[in-house]
Structures are given as structure tokens and as C-alpha cells.
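Contents: one structure, followed by commentary.
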Amino acid sequence: MDVGGSGVDRDSSLGFTFDGTDYLGLAGDTLASALLANGVDVVGASPILGRPRGVVSAGVEEAGAMVEVGAPWLDPIVPATAVELVDGLVAMGRPGVGVLPADATGAQAADHRHLHVETLVVGGGIAGLRAAREATGRVLVVDERHHVGGISPWSTEIEDLTAELVTRDETALITRATALGVYDDGYVVIYERAQPVARVHHVRAARVVLATGAHERPIAFADNDRPGVMLASAARTYVEWFGVRPGNRAVVFSNGRSGLESAMALHEAGVEIAVVLDVGPASQPHRDRLREAGVEVREGWAVAGTEGESRLSAVHVAGPGGESETFDADLLLVAGGWNPAVQLWRGINGGLRYDDATACFVPDGAGPPWLEITGAAAGEGIDPVTPYWYAPAEDLSHHYVDLQRDSTVADVLAATDRRLRSTEHVKRETYIGTAIDQGRTSGVLTAAIVNGAQGAGPGAQGPTNARPPYTPVPFSVLAGLDRGPKLLDPIRTTPIHRWHQERDAPFENVGQWKRPWYFPLGNEDLPAAVHRECLAVRNEVGVMDASTLGKIEIVGPDAARFLDRVYTDRMSTLSVGSIRYGLMLGLDGMVFDDGVVMRLAENRFLATTTTGGAARVLDHMEEWLQTEWPDLRAHCTSVTEQWSTIAMNGPASRRVLEALGTSFPVDAPSFPFMTWREGEVAGIAARVARVSFSGELAYEINVPGWYGVSTWEALMDAGAAHGITPYGTESMHVLRAEKGFVIVGQDTDGTVTPHDLGMSWLVRKDDSDFIGKRSLRRSDTIRPDRKQLVGLLPVEPDQLLPEGAQLVERDTGVIPMAMVGHVTSSYASPILGRTIALAMVESGRARHGQMLHAPLLGATIAAEVTAPIFYDAEGARRDG
Amino acid sequence: MTEPPDRYWRAAEPKAAYEVVIVGAGGHGLATAYYLAKNHGITDVCVVEKGWLGGGNMARNTTVIRSNYLWDESAAIYEHSLKLWEGLEEALEFDMQFSQRGVLNLVHDLGDRRSSMRRVNANRLNGVDAEWLDAPDVKDFCPIVNVSSDVRYPVIGGTLQRRGGIARHDKVAWGFATAADRLGVDIVEHAEVTGFTREMADGPVNGVETSLGTIRAKKVALVAAGHSSVLASMVGLRLPIQSHPLQALVSALYQPVLNTVVMSNAVHVYVSQADKGELVMGAGIDAYNSYAQRGSFHVIEHQMAAAVELFPMFAHAQVLRTWGGIVDVCPDASPIIGLTPIPGLFINCGWGTGGFKATPASGWVFAETLAAGEASDLAKPYALDRFTTGALIDEHGAAAVAH
Amino acid sequence: MADLRMQSPVADRAADVAKIAELTGGAVQIAEVAFLQQIDVRTRTPESFRLPTDPNTWHDVDGSDALWLGPDEWLLVADPAADHGATAPDAESVVDVGANRAVLDLIGPGVRDLLSKGCSLDLHAMRWRDGACAQTMLAKAPVILQQREEVTRVFVRPSFADYLVDWLLAACG
Amino acid sequence: MLLIPCPWCGPRDETEFRYGGQAHLAYPADPDALTDAEWADFLLMRDNPKGDWAERWMHTAGCRRWFNVVRSTVDHRISGSYPMGAQPPPEAGA
């Protein structure tokens with residue numbers, strides 16, 4: 001960094017293009033300083049009125065010079081003062097409104113990181129560097145600019161502080177890094193504009209020091225938006241830091257000392273000062289220095305207006321006695337006082353108070369214990385000023401308050417005339433403060449005008465609240481790596497997944513899981529494949545990868561007692577080696593999940609859950625164990641992925657299992673339905689269960705995950721002779737629907753009780769309690785006319801009721817039409833050669849035999865209400 | 001577009017007593033006041049507001065308007081609301097930038113499609129316009145949506161309510177306030193309710209204590225979204241409500257790219273583009289209870305990731321401003337409207353994330369309820385006692401869409 | 001029937017995992033550790049088996065790594081071959097979870113920085129050193145981290161293994 | 001991003017936890033003995049104070065223990081955390 005008082009390196013020039021013209025700038029420039037150096041005074045136009053706009057500031061408070069950056073990175077809309085010049089930069093002026101590219105190409109990539117420090121200092125100006133030097137442990141200093149030192153002229157103190165800090169092991173200093181927001185418990189999100197990959201630092205700091213400085217604010221007068229009108233301190237920054245003279249002949253308008261200092265600095269930098277208009281408190285030494293330097297200072301004089309084609313050419317001034325005069329000038333420097341940068345402070349609910357001496361809002365009271373604010377941001381060392389908000393005039397309609405919204409003093413007064421009294425209301429009426437700078441230069445001024453209009457003191461109402469982020473941040477940067485088909489959200493797969501992929505099975509998203517939907521042969525579509533798969537299961541044998549089913553081991557002396565409270569039926573009476581189907585209710589009595597429970601040993605059970613419900617059920621069990629029944633000695637352990645689960649269904653499944661080889665007999669008498677066996681299958685330790693979700697003879701083979709794929713392949717070989725057919729979730733749904741087995745989450749929706757499902761037989765009647773039992777007695781849950789599960793047979797056996805179709809008794813054609821239920825599941829059943837459906841229907845069980853109608857676009861489908869079972873009602877097939 | 005009125009509402013001095021005092025000058029409270037005066041000739045009404053008018057959730061929501069709810073009770077009140085919206089600017093002679101640009105709900109998986117179909121069919125039979133769109137139709141209707149299959153949760157279709165849309169939230173509050181004011185309603189800002197007065201210890205409520213003194217009333221109406229529980233607890237009334245942060249954000253200004261309102265529950269995005277050009281987006285509810293009007297930043301990051309996935313061009317857009325509101329959430333995500341166990345005290349709360357679109361109807365039925373002293377037909381299902389009977393109107397349980 | 005082969009969760013991503021060394025210029029090297037014996041133990045008397053009782057720590061117990069998972073839960077990890085590895089204390093609950101988690105060993109000067117891109121724990125050398133373990137999140141995958149001298153061991157559910165490998169590739173790319 | 005002090009694992013980011021709402025609500029000894037109104041009160045009615053209150057969190061991504069936290073709903077400041085079954089520590093003002 002050039003420490004010669006200038007932040008640019010005169011020996012390294014950079015080429016850039018603005019609005020199609022090539023220019024040269026210097027390393028260390030911002031686009032704004034480079035444009036000024038090249039004499040580009042009109043950068044863009046104003047958003048609504050299209051008035052010319054130039055650079056008015058040297059930082060993020062910029063409200064004038066808005067540009068689009070097209071290369072080397074893309075940024076649809078950004079202030080020129082916040083763009084660091086790089087070689088090859090391409091930019092164009094924009095009227096505050098960006099144009100989004102057609103797609104994500106070239107969007108800013110970003111890397112997120114978690115950082116832990118003892119002290120985070122936001123702001124690398126003198127105050128921040130001082131705070132960092134005092135801090136111990138891990139210290140991080142961030143500054144939004146591409147250099148430290150803030151807006152103060154380069155000094156040996158900054159140099160020394162920087163030199164000291166960079167040598168400390170545990171201290172890091174990151175520039176181009178903006179603290180977007182300060183959040184609870186010392187959590188600060190920082191956006192580092194690194195190229196080509198930006199960084200987002202998620203900092204957790206034991207202590208946060210805000211040293212965010214202050215922004216100079218303008219004074220409103222006629223045509224104060226003209227290019228060439230600039231904040232005085234900004235002009236000073238341009239000459240001192242960037243070595244650029246933003247004009248040749250300047251009028252300075254100041255209500256405090258700092259404007260006079262800026263005037264002096266510009267004078268010394270060779271800018272001719274036509275006159276200094278001083279409406280501030282008497283600061284004789286400053287005036288004397290200026291006068292000694294031959295600069296005219298007029299006390300009590302103010303700017304009345306400006307002139308110029310597009311850029312400023314003359315300034316009209318008015319004296320205390322009403323005198324008026326005009327000065328030729330191409331630069332008008334305005335110093336209207338300072339606003340501490342309290343945005344981050346307010347964001348975490350820090351308070352403010354109005355300070356009369358400096359006519360600004362400063363932090364008040366304490367924020368969170370870990371938060372401090374220091375330097376100018378805390379109101380320290382801010383120049384006393386004489387409040388001067390806008391130049392009095394008949395016509396205030398060209399006194400601009402918010403350059404980004406083309407809104408004027410007249411607009412604010414019009415709003416208050418219409419009786420809007422709150423600055424929040426005025427903001428919403430005029431849009432002041434809603435642009436990219438979020439009112440940094442317009443907020444306090446607006447509040448002052450509103451307060452004045454109501455005859456209230458300047459502190460009566462403060463400016464509206466700026467919100468995080470401190471400066472805008474691209475969506476793509478916040479998204480970070482969490483983008484695209486693989487990383488937006490995890491894809492969970494089973495050990496057998498690759499096999500399914502190799503068979504080109506389309507997959508269904510079930511929560512985060514990918515489950516094979518069906519296994520097409522050749523160019524089969526879904527119906528064709530499902531037809532074939534279902535018939536294979538009914539007539540021969542099929543296998544499905546059921547590894548995604550949730551599995552929880554419940555172990556401990558009180559495991560049985562615990563399960564009795566969790567399920568609606570009794571598990572403590574289950575004998576070792578046996579299996580029982582169970583329903584789980586929420587405390588509200590509604591069906592929450594279902595599955596089977598195996599008793600593995602006296603004190604050891606294995607419960608299965610739905611694929612989507614696994615985590616929810618484990619949480620549910622642990623919540624009750626830990627929060628309500630800590631006395632119960634039972635423990636839940638997820639073993640979902642310990643086991644690969646292969647469901648083999650179909651009359652030939654026993655022969656396939658025998659062909660595969662088991663260390664235990666698998667015939668029906670020695671291995672009955674709803675029991676499990678442990679032993680060797682194909683030479684490896686396995687647990688096999690006689691459970692069936694298709695109604696066919698079925699064996700559910702569980703092997704350790706790492707044997708999943710080889711066991712599956714062995715099954716395919718062993719079953720080849722029987723035409724063993726892999727099937728997916730769609731066929732599984734059809735097969736279970738033919739048997740009227742519900743799927744929790746499809747046939748139920750969180751408003752369904754076991755009685756509604758016709759599963760009262762699963763709800764024990766004794767007076768022992770289980771979760772949700774009491775809710776089943778509420779007056780609404782015992783209504784006889786609740787929706788109940790039924791079967792539906794469309795009158796036309798080839799008509800398929802859409803899932804989600806609503807049912808009515810008569811299609812009167814009159815809207816609204818009373819609905820009595822809806823279709824939850826609907827399929828063409830290959831084995832029955834007709835369509836079937838399950839539905840929830842008011843008083844459904846009393847309607848068997850009745851006809852209901854589904855009014856659809858263009859057609860109405862009639863269907864007969866039946867019991868929710870369509871195939872093998874007597875259950876003759878389950879033993880093969 | 002009508003010009004802004006030459007006068008908004010007065011800053012009224014509260015009288016000692018009114019027929020009705022409404023606590024909360026948000027959209028619902030102001031609409032209630034307006035319809036009390038307009039529909040029932042009750043103009044002896046005072047609306048007291050702790051802060052600035054319309055400064056709570058009214059100023060913080062994402063202004064989505066639709067009526068495509070699943071359950072009959074919901075469809076009835078939200079469709080009534082939409083019909084009122086359709087004539088509101090005329091009725092109030094006030095430009096609210098109401099725009100029926102359609103609300104498109106994206107569908108990403110088979111379960112999602114099933115429940116969406118169920119909703120579309122129910123909507124049609126309830127007289128609520130609703131359409132199912134296949135993925136290509138989604139693309140036609142909203143070209144910037146990414147319907148490619150090469151994303152984590154591909155768009156397989158969507159449901160569309162063409163009559164849905166947006167309005168300018170502040171102007172809605174101001175419109176009701178100005179119209180109510182014109183009809184004689186007193187609106188008192190910066191008057192915080194600190195308690196309620198009662199005839200005797202456990203007697204009927206007959207007024208409110210405020211930072212500006214006591215104001216008597218025959219009927220007191222609580223319409224203080226975000227703080228319903230706090231106010232109710234002042235009279236020992238417990239509500240099945242939890243208050244959570246709900247965050248939202250706007251982007252910088254961009255030339256128009258989004259012609260409708262797009263919502264996706266599966267990936268937690270809802271977005272529209274305001275006339276000024278900023279993208280207005282809502283995030284998910286923060287998990288914890290809070291009155292701080294701010295949430296956790298990871299909720300925003302998660303939403304940006306989803307937004308970029310659905311709208312690739314948004315990758316370049318910049319977050320300009322984020323903020324949070326306080327939503328009162330009921331166990332069934334449906335509101336509470338009507339009488340309370342305490343005579344003289346009426347309540348309208350618990351709208352959760354759905355309050356803005358309901359503003360006109362909420363005011364309409366609550367005014368009806370206040371005027372008659374008993375729940376109006378549309379309000380009946382939303383009585384407090386449904387939590388006892390179990391007759392919940394479970395919009396999230398039954399896979400309805402949020403917001 | 002011929003013995004069925006065992007397939008470890010990350011086996012067919014071996015090439016990708018190896019690529020990470022290239023991408024990081026050797027700063028991070030990752031290898032899968034397959035088929036470890038893993039046992040989940042619940043007991044109220046950890047001292048009876050000399051299990052670690054300090055949260056987020058592990059130590060060796062008779063040749064097994066004993067990881068603290070919670071106030072009454074431990075994970076015992078042993079080499080596939082170790083015959084004593086599977087032994088468990090007299091406990092209320094002992095569950096075999098050998099196939100329930102995949103295991104990756106990370107080593108190299110870039111490991112902490114890489115992990116910090118997805119893990120919110122303070123992995124600074126002063127706070128995270130040999131003997132530490134923790135259950136936490138790595139990107140969007142639940143993991144157990146264990147520091148074994150220079151090696152950072154990551155336990156992850158097999159179903160998340162693909163995702164985690166993809167994330168690691170992106171994070172170091 | 002709250003920093004939640006798990007009584008076992010120490011402070012961790014909010015994203016490792018699941019929220020459990022109001023703490024210290026005991027499951028009724030005999031639910032069957034309750035009227036519908038009493039049951040509804042237990043089931044659905046909750047405190048929702050503006051200020052400090054005791055709430056439940058579960059360290060889902062960590063030790064999977066449920067525990068209680070005293071936190072302000074006004075500024076999110078956490079003044080204490082303690083295991084299930086314990087009472088709020090004196091320094092936690094709930």
C-alpha cells in the first residue's frame with residue numbers, strides 16, 4: 001500500500017471500459033475515483049426523472065453514481081464508489097435499476113467458512129485498529145474497503161498499527177470484507193469480495209467491536225443533485241487518498257469545522273476555492289487558516305441553487321441579509337454534518353439518542369453484553385455543527401433528499417401535509433431510504449424535515465431503520481455450495497442404489513431418499529412396467545429394496561412397558577420371535593406413523609417406521625423417554641442403516657429363499673406368518689421376517705448394510721428360474737392398495753384417527769394409557785360422521801379416479817357443491833383387471849354399496865363405495 | 001390508479017368512552033373499524049395503536065393474496081376476502097396497487113401433487129378458481145422458473161389461482177384507516193394498551209388502560225397480531241398461540257422479470273416482484289418463540305439457495321434488506337375469531353402467516369361479530385372452543401400451502 | 001453358495017476420494033476405513049468399563065476406541081479383525097451398529113480449514129486436539145468427528161456418504 | 001443463529017437443535033380423568049410471554065438429549081440451561 005498519503009499506485013495503471021469507452025486508472029482506484037480522474041462527471045441517470053447523476057461520495061453511502069459491472073465479474077447494480085478498479089473492468093451507468101441476466105451463468109461463486117474468535121472488530125479505521133491492538137486472543141479485523149485506514153488521511157499511526165497487527169499470529173486483517181449483519185450471541189456474517197470465489201465468514205465472536213465510522217451528510221438546496229455537487233469529505237478523500245482532483249474550482253458549503261478542513265485540504269491540493277460559505281458554529285482558527293491562505297470565507301452565507309448543462313457550472317449563493325450572488329464553479333462541496341454508521345448497532349436492537357451539539361443520532365444505552373461500539377460510530381470526535389437541513393425557498397421541488405428515489409423536500413412536506421406524521425409513513429409514501437444506500441444520506445434529513453413540519457425538535461423522531469445486510473449481497477453468495485442437484489439438499493441412497501441405477505430405474509424422492517419408482521424393461525412406460533411388476537409378485541415372485549424403512553432398536557428392562565405406551569396395541573404380550581403391526585398416534589390422537597415391532601429378546605425390540613417417518617419417530621420416542629418417563633430404563637438406537645432390507649413377495653418366494661440357502665427351515669408350519677428367524681442366508685448372518693405388504697407369501701430379508709448389494713444379486717440369481725422381478729415403490733403401492741393396506745401420509749393427512757381407518761381392533765380397550773388415547777374421546781373425534789376409509793370401484797372398470805379427486809353424493813353442477821370425501825389412493829389393478837381406489841368419506845362405513853361421484857374437469861366419474869379391500873379378502877395367499 | 005387522497009387519517013384525541021375500542025391499528029383492526037362503520041353504522045369506534053399505524057405485520061408481510069385453501073371453512077373466508085379485494089379500491093376510493101397477477105404453487109413430488117390435486121378439486125367445488133399445470137405449462141406461465149429435471153427437487157407441475165396476486169401493504173392499511181376516519185372512527189397512534197378495565201374483579205371488560213389514560217368501551221376487540229397472547233394474559237385469558245419470527249426480504253431493483261407470485265413449499269420460497277422492481281420474498285418461520293422482530297440468518301441463506309435453484313437468474317440478484325415480523329401461530333394454523341369467555345372482550349388473532357390476504361374478510365366478519373355480539377357464520381368455525389372439541393381446521397396438517 | 005462379498009459404503013467413490021489429495025495439492029488426504037466394528041452402548045455405570053465421562057472425548061479401552069456420545073451413550077469402535085473389539089460392558093443396551101456408519105480418515109494441513117467450511121465447531125488447534133470427539137453437522141450431514149493424533153476421523157451414515165463425498169469435492173475444489 | 005448451551009456438549013449453533021416449546025409441562029397423571037377442556041388445556045394451551053421463559057431444546061445433531069433453557073423472547077438472551085427434571089438455576093430469571 002502506498003503510504004505517501006495516497007492509496008493508489010501511480011506505477012501500475014489499469015485499463016477499464018465505461019459506457020463503451022476505454023480509460024486508464026490506477027491500482028488502488030475505485031471505479032468512481034478512476035472516472036473522476038478521467039473527467040467523467042456524468043455517470044448515469046436518476047431512476048425516475050432521468051436527471052444526470054455523478055459521484056457524490058467516496059463510499060457505500062453513494063446515492064448518485066450507480067453502475068452495472070459486466071466484467072470480470074457480473075453485478076447488475078452497484079455504486080461506482082464500491083467497485084474496486086481491476087484491469088479489464090467493464091461497467092456502464094445504470095439508473096438505479098438493474099437488468100438480471102437470463103440465467104445463472106457467471107454468478108458470483110462463494111465459499112462459506114465458520115470462524116471462531118475472541119474479538120471481532122468491524123471497521124479498519126483508526127478506531128478499529130486501536131481496538132484491535134488492545135484485544136487479546138484470536139482477533140479478526142474486517143473492513144469493507146480494499147484498504148485499512150478508513151476515510152482518514154493516511155498517517156503514521158495507521159501505518160504503525162497495521163504493521164503491528166499483521167505481525168501478530170492470532171490476528172487476521174481482512175479487507176474487502178463487509179459485516180452484513182450482527183446477530184445473536186456474537187454471530188456476525190461477513191461477505192469478503194474475493195475473486196474469483198468470494199467468501200462468507202460465519203464468525204462466532206466472544207466480543208464484537210463496532211468501529212464502523214460515520215458518513216457525512218448533504219444539505220438540500222435547489223438542484224443539489226447536479227454532477228459536481230459532492231460531499232466535502234468525499235472530495236477530500238479523492239484528493240488525499242486517490243490523488244484525484246474532482247474539479248478545478250470549488251464552492252464549499254459547510255455547517256461545521258470539517259467542511260472548512262476539507263476546503264483547506266482541497267486548496268492545498270491545488271483546487272481553487274472560489275468561496276467558503278460557513279453557516280456553522282464559530283470556528284475562528286479554521287476560518288483564519290483559510291483566509292491566511294487567501295481563501296474567501298463568508299459567514300452566514302448559504303447555497304441557494306446551482307446551474308449547469310449537465311455538470312455544475314455555477315453556484316447561486318445567498319447572504320444573511322438576503323443578498324444573492326453567483327460563483328462560477330465546477331465543484332460544490334457540501335458538509336452538512338455527520339451520521340454515525342449505527343446500522344449494525346441498531347440491527348441488534350441498540351438504542352439511539354439525538355445529540356444536539358453534533359445534530360446527529362448516536363448510540364444510546366447498552367447493547368448485548370458482548371457488543372461494543374467505538375470511535376465515530378459511537379459519536380466520539382464528531383464535529384459540532386449548526387443544524388442546517390435545507391436552504392429555504394419558495395419552490396422546494398428541486399431540493400433532492402434521496403437521489404436514488406428522485407424525492408425532494410417538497411415530496412416530504414407534501415406527505416406531512418397529507419397528515420402523515422411518522423417518518424416510517426413518510427418513507428413509505430416517498431420511498432425515501434428504500435434504495436441501495438438505505439437512506440444513509442437521506443434518512444436523518446428526512447426525519448429533520450418531518451420533525452420540523454410538525455414543530456417538533458430535531459430529535460423527536462429518528463431516521464427509519466436500515467436493515468441487514470449492511471450492503472447488498474448476491475443470492476448466489478449466500479447460497480454458497482448449497483446449489484445444484486447434488487448439494488442443495490443431501491441425496492440419501494441405499495447400499496443397493498447402484499444396482500437400481502444400472503437398471504435405469506427412475507427414482508422417486510421420498511424425503512431425502514431416492515427410491516426406485518419402477519424398473520422399466522426396454523421402452524416400457526410406468527403403467528406397463530407396473531403392470532408387469534405387480535403380476536410377477538402375484539403370480540411368481542418380486543423383490544423390492546426396502547432398506548429405507550426406519551428401524552429402531554428399543555432395548556432395556558422397561559422396553560416392553562415403554563412400547564405399550566407408544567403404540568395403540570400391546571407390545572408387552574408379544575412373544576420373542578414374533579412380530580406385531582403397530583399404530584403410533586400423536587398426542588392429538590391422530591395417526592402419526594405405523595410399522596411392525598419384532599421382539600428380539602425379552603428386553604430387546606426392533607420397530608420399523610415409514611421411510612419418511614424414521615427420524616420423526618425416533619425423536620418422538622426419545623422425547624417421551626427423556627421428558628416424561630425418565631424412570632423407564634429403555635434406550636432407542638437407530639439401526640436404519642445397519643440393515644439392508646429386501647422384501648421378497650410372491651408365491652415362489654419360499655422356493656427362491658430355499659434356493660438361496662438358509663440355516664433354518666422356511667416352510668409355513670416352522671416359520672409362520674408374523675414371526676422372524678435369525679440364521680444364515682446364503683452363508684451370512686441375517687434376520688428374516690414373515691411380514692407382507694402385498695398379501696402374498698413374503699420374506700423380508702435383513703442383512704448388514706455392507707452385504708446388501710451382494711445379497712440382492714444372490715437373490716436375483718437364485719430367483720432367475722422363477723422369473724424373479726425387481727419392483728419399485730409404485731408397484732408396492734398398487735399391491736398394498738389391492739389389500740387395502742393404508743400408507744400413513746398418503747391415505748392419512750394428520751387429521752385421521754385409527755377408528756377413521758377402521759383399525760379400532762388395533763386400539764386396546766383396557767384402561768392403560770398410551771400416547772394420544774385421551775384425544776380419541778374428544779367430542780369431535782367421536783363424531784359418527786367423520787371421514788372414514790373406504791374402497792371405491794369406478795362404475796367403468798377402466799376409469800381411473802385421480803388421486804385427490806373430491807367426492808359428492810350427486811353432481812348437481814351447482815357451485816358450491818357439498819363434498820363428502822376425497823380419493824387418497826387410486827390405481828389400475830393388474831390382477832383384478834380394473835381400477836380401484838381408497839378414499840376418506842364421511843360416514844364411509846355406512847355407505848358401502850352407495851354410489852359417489854367425482855366431478856372433474858370435463859367428466860364426472862361414478863364409483864361404488866366398498867370395503868377397503870379388493871383382493872384375497874380371506875387372506876388365503878399369505879402362506880403361499 | 002387513483003391519486004393519493006389530499007388527507008389521510010386524523011390524529012384523533014381519544015374520548016373518555018366509545019361503543020367499541022379496537023386494540024391494534026394493523027390491517028385487520030382498521031378493516032374491522034371500517035366495516036363496523038360502513039356495514040353496521042357503528043361509528044363510535046376508537047382504534048388504539050401502540051406504535052405507528054400499520055407498523056406491525058402489515059408493514060412486514062410479503063403481500064400475497066389468494067383464496068385457494070383446502071378446507072371449506074378456510075375457502076369460505078378467504079374467498080370472501082378475495083371477492084372483497086376485487087372491489088376494494090373502488091369501495092375505499094383508494095389506490096392499493098392491487099394486482100391479480102396470479103399465484104402459482106409449484107409441486108415437486110408425488111405426495112405434493114396428490115395433496116395439490118385434492119386442493120384444486122376442493123377449490124373448484126367451492127367456487128374458488130384453481131388450475132393444475134403440468135411442468136411445461138408452468139414454464140409457459142412463468143418462463144423464468146427452472147423446470148429442468150436436473151435439480152434436486154424437480155418441478156413436476158403446479159397449481160395456479162389466476163385471481164390471486166398482490167397489493168401494496170402500507171396502502172391497504174392507509175386505505176382502511178382513511179376511509180374509517182372519514183366515517184368518524186377515531187384512530188389513536190402511540191397509545192399502548194397496558195391493561196383492561198372490568199366492571200368487577202371477574203366481570204365483563206368495559207375498557208382499556210392505555211399510556212394516554214383509560215378509555216371505556218361497551219365492547220373491546222383485540223386485533224393485535226404478534227402480541228395477542230401478551231394482551232390476553234392481562235385479563236388472564238390463555239390462548240393456544242405461540243409467537244414466532246417470520247423473516248422476509250427484498251432485493252435491489254431490477255427490470256421486470258417475474259410476472260406472477262410463485263410459491264414452493266417443498267423448497268421454501270415465495271416470491272413476487274413489486275412495481276418498483278424489487279423481488280419480495282418470504283422465508284420460513286423461525287423455530288423458536290420470539291417478539292424480537294428478527295430471526296436467524298441461516299433461514300435466509302437456506303431460502304436463497306432454494307430461490308437460485310428455482311430461478312437461476314436470481315443468482316445475480318442482490319439481497320437489499322431483510323427483516324422479521326412476529327406471527328401468532330395456532331396449533332392448526334388457522335385463526336381465532338369471535339367471543340372470549342370474558343363478556344365484552346372479543347378476539348381476532350392467530351392468523352399465522354396468512355393474515356394479509358384475509359385483511360378485508362377478517363375485518364368484515366369481525367365487525368359482524370362485534371355488531372351482533374355473536375359469531376357471524378363465516379367466523380363460527382374459528383371459535384376458541386374448537387381446541388376443546390378437537391374440531392380443528394388443520395391447514396398445515398392437511399398439506400395446505402403456507403402463506 | 002459362494003460367500004457373499006462385503007461392499008463398503010464409499011468403495012465405488014474411491015477414485016473421487018483420492019482426487020481430493022490432488023485438488024488440495026496434498027493438503028488433505030482422505031481414505032475410507034471399511035468394516036470397523038462399532039457398538040452402541042448405554043449404561044449408567046460407565047466407570048465399570050472405564051468409559052470416558054468427559055463430554056466430547058474418547059480414549060482407548062482394551063484396544064477399542066470408546067467415544068463419548070452422550071451422558072449415557074458411548075460408541076465402541078474396533079478394527080474388523082480385533083476379536084475383543086466387540087466386547088461390551090454390562091450395560092442396559094448394547095446394539096451392533098457396525099454397518100450403520102461409514103468411516104473416513106482425513107489427514108493433512110488443510111483438514112481443519114476444509115472442515116470449517118461445513119462444520120460450526122471451533123476446530124482451532126487449541127480447542128480441538130487428539131482425544132476430542134463430537135457429534136455435529138458437516139454441511140448437511142450428521143457426523144461424528146474424532147481426532148486420533150493427526151487424523152480426523154469422520155463417521156457418517158452410509159446413505160449420506162455419496163453426498164458427503166460430493167460436498168468434500170466441491171468444498172476443496 | 002442462536003448459540004445454545006447444551007448442558008452436556010457445551011454451546012453449539014442453533015442448527016444442531018430441535019425446538020420443543022414451553023418447558024415444565026407435566027403429562028397428566030391420569031388423562032382419562034380430565035374433562036375435554038382440561039385435556040385441551042394441557043394439549044394446546046401454552047404460555048407465550050414477552051420476556052424470559054423456560055423452553056425445551058433437543059440436541060438432535062449432538063448428544064440427542066432434551067434439556068431446558070431460560071431465554072428471553074425479547075432479545076433472545078439465554079440466562080441458563082439445565083437438564084430435564086431439574087429446576088431453573090437461580091441465576092436464570094424465569
Side-chain angles (χ1 to χ4, degrees), chain A residues 74 76-77 96-104 107 181 183 189 349 418-422 424-425 428 431 436 438 467-469 472-476 478-480 482-483 485 488-489 491 508-509 745-746 749-751 775 778-781 802-806 808 815-817 819 822 855-856, chain B residues 4-11 52-53 55 59 72 108-111 114-118 120-122 125-127 150-153 170 252-255 257 276-277 292 296-297 300-301 304-309 312-323 389-391 394 397-399:
Chain A
L74 293 180
I77 187 74
V97 178
V99 177
L100 290 173
D103 58 31
Y183 298 90
V189 181
N349 294 354
R418 286 200 287 275
R419 292 188 183 148
L420 293 180
R421 293 165 292 270
S422 160
E424 289 286 354
H425 289 144
R428 286 163 162 76
Y431 294 127
I436 284 179
Q438 287 201 62
R467 309 276 181 187
V473 56
F475 286 18
S476 63
L478 294 184
D482 298 343
R483 295 175 59 182
L488 176 68
D489 201 40
I491 293 173
E508 180 189 358
N509 282 317
Q746 174 170 345
D749 63 6
T751 67
S775 288
R778 292 182 297 175
S779 59
D780 190 74
T781 30
E803 289 175 348
Q806 295 285 343
V808 300
I815 301 296
M817 208 183 303
M819 294 164 260
H822 69 281
L856 305 164
Chain B
D6 45 9
R7 286 278 183 278
Y8 292 112
W9 66 97
R10 292 165 295 131
W52 44 281
L53 179 145
D72 297 353
H108 300 266
D109 64 54
L110 301 174
R114 204 173 285 120
S115 46
S116 299
M117 285 294 193
R118 177 184 173 191
V120 164
N121 285 305
L125 296 179
N126 272 322
D150 188 30
V151 297
R152 179 65 183 90
Y153 295 110
D170 302 310
L253 273 56
Y254 304 104
Q255 308 253 328
V257 290
K276 290 206 310 293
S296 297
F297 194 68
I300 301 287
E301 290 177 305
M304 292 300 94
V308 168
E309 205 69 0
M313 68 161 53
F314 287 5
H316 304 278
Q318 300 208 326
V319 179
L320 178 63
R321 208 159 63 245
T322 66
W323 65 89
T389 64
D394 199 343

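Chain A is the first sequence line, chain B the second, and so forth, proteins listed ahead of strands; every chain is numbered from 1.
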Please give me the minimum heavy-atom distance between A:R418 and B:D6, naming the atom from each residue.
CG-O, 3.5 Å
Given B:A59, B:A306, B:A292, B:G55, the one with more heavy-atom pairs under 4.5 angstrom with chain A than any other is B:A59
If you look at every heavy atom in A:P485 and B:E309, which pair is closest and at what distance?
N-OE2, 3.9 Å
Please rank B:M304, B:K276, B:R114 by heavy-atom pairs under 4.5 Å with chain A and give me the top one.
B:R114
Toward chain B, the part of A:E803 with a non-hydrogen atom under 4.5 Å
both
Less than 4.5 Å to any heavy atom of chain A: does that hold for the side chain of B:V319, its backbone, both, or neither?
both
For B:Q318 against A:P474, the heavy-atom pair lying closest together:
NE2-CG, 3.5 Å
Between OH of B:Y153 and CG of A:L488, what distance do you get to the nearest 0.5 Å?
7.5 Å
Under 4.5 Å from any heavy atom of chain A, what part of B:D170 do you find: side chain, backbone, both or neither?
side chain
Under 4.5 Å, counting heavy-atom pairs only, tell me which of A:A479, A:A104, A:P816, A:S779 racks up the most with chain B.
A:A104
Where B:W9 and A:R419 come nearest, the two heavy atoms and their spacing
O-CD, 3.3 Å
Side chain / backbone / both / neither for A:V97 at chain B, heavy atoms under 4.5 Å:
both
Can you tell me if B:R152 uses its side chain to pair, donor with acceptor, with the backbone of A:D489 under 3.5 Å?
yes
Residue part contacting chain A, namely of B:E301, when any heavy atom lies under 4.5 Å
both
On a heavy-atom basis, the closest approach of B:L320 and A:P469 is O-CD, 3.5 Å
Side chain, backbone, both or neither: which part of B:L110 has a heavy atom under 4.5 Å from chain A?
side chain
Output for pair (A:L420 CG, B:R7 CZ), nearest 0.5 Å, gives 10.5 Å
Residue part contacting chain B, namely of A:P468, when any heavy atom lies under 4.5 Å:
both
Report the relative orientation of the aromatic rings in B:F314 and A:F475; use parallel for angles under 30°, tilted for 30 to 60°, perpendicular for over 60°.
perpendicular
About how many Å separate CG of A:L856 and CE of B:M117, when rounded to the nearest 0.5 Å?
9.5 Å
Quick one: are A:I815 and B:N126 in side-chain contact, heavy atoms under 4.5 Å?
no
Quick check on the interface: out of A:P855, A:S476, A:G98, who has the most heavy-atom pairs with chain B under 4.5 Å?
A:G98
Interchain contact, B:A391 with chain A, by part (heavy-atom threshold 4.5 Å)
both
Which atoms of A:R483 are under 4.5 Å from chain B, going by heavy atoms: the side chain, the backbone, both sets, or neither?
both
For the interface with chain A, which of B:A252, B:A307, B:A122 has the highest count of heavy-atom pairs at distances below 4.5 Å?
B:A122
Between A:M819 and chain B, with a heavy-atom cut-off of 4.5 Å, which part of the residue counts as in contact: side chain, backbone, both or neither?
side chain
Whether the side chain of B:D109 engages the backbone of A:N509 through a donor-acceptor N/O pair (distance < 3.5 Å, no angle test) should be reported.
no
So, the side chain of B:H316 versus the backbone of A:A102: is there a donor-acceptor pair under 3.5 Å, distance only?
no
Test item: A:Q806 side-chain N/O and B:R118 main-chain N/O as donor-acceptor pair under 3.5 Å:
yes
Between B:L125, B:I300, B:D150, B:N121, which residue shows the highest count of heavy-atom pairs closer than 4.5 Å to chain A?
B:L125
Looking at B:L53, is its backbone amide N or carbonyl O close enough to the side chain of A:E424 to form a donor-acceptor pair, meaning the two atoms are under 3.5 Å apart?
no
Of all heavy-atom pairs between B:A315 and A:A107, which one has the smallest distance, and what is that distance?
CB-CB, 3.5 Å
